[in-house]
Every structure is written in structure tokens, then in C-alpha cells.
Amino acid sequence: MAKVSVNLDDSLDDDSNAQKLKAMAAPLPSISKAKSSALKDAPRVQFSFTNVPKPIKEAFASEAQKRGVTQKELLYECLRAGGIDIPKAAEIDGRRR
């Protein structure tokens, strides 16, 4: 039986045609998705307030429950109401990468 030789080397770094193929295969930039992608992939840090009066904390938790959102989503809504441009929580949720 005849031997079959297969070259699976797909290293295309030296070839100018390979560079053209890589450029054509690159995703098109989307300004609308760039921000949410950057926020989704950003490192996570702890965000908390200390020494908040208990009635304020309870009112915040109650309002979140009344609206049917998490406290984090309510915080995002408050920041948006204050003029900070934050995408919807589903767009920046790190669990949905």
C-alpha cells in the first residue's frame, strides 16, 4: 500500500498571502460591541460601601426586590440615571463570555 504524506504545518507567519488571509478573517470592529466586550472581559474587583446606615441598605435591597432585579443591576440603573454610560447587565455579565 502506498504511503500518504500529510503536512499539517499551518504556521503561516512568513507568507504575505497568509497575512492577507489573517486580515480578511479578522472580525470587523464594532463600536457598539467594543465597549460591552471590554467591560465583559475586564478583571473583576470588589465594589462595596462601608458604614452605610442600615435603613438605607434595607431600602436599597427592598427596591431591588420590588423591581425584580439584583442589587447589582439596581446599582447599574442608578449609575445610568446619574448620567454614566453603562451597557445593560446582560451585555457585560462576565459569566456569559
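Reckoned from all heavy atoms, side chains included, excluding hydrogens, waters and symmetry mates. Note that the numbering runs from 1 along the sequence shown for the chain.
Across all non-hydrogen atoms, the minimal contact from L75 to F47 is CD2-CE2, 3.4 Å.
E73 meets the salt bridge (charged side-chain N to carboxylate O under 4.0 Å, His left out) test with no other residue; sequence neighbours excluded. Partners of K54 according to the side chain to side chain donor-acceptor pair (under 3.5 Å) rule, which considers only residues two or more places apart in sequence or in another chain, do not exist here.
Counting heavy-atom neighbours within 6.0 Å of Q65 CD, excluding the residue itself, gives a total of 12 or less.
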Per-pair distances, 0.1 Å, donor-acceptor, side chain in residues 76-83, under 3.5 Å, sequence neighbours excluded:
{"from": "E77", "atom 1": "OE1", "to": "R67", "atom 2": "NH1", "distance (Å)": "2.6"}
{"from": "R80", "atom 1": "NE", "to": "I86", "atom 2": "O", "distance (Å)": "2.8"}
{"from": "R80", "atom 1": "NH2", "to": "P87", "atom 2": "O", "distance (Å)": "2.8"}

Test side-chain contact (heavy atoms from CB on, under 4.5 Å) applied to Q71 and K57, step by step: CA-CA 10 Å; Q71 290 185 33; K57 169 68 174 152; 2.8 Å; yes
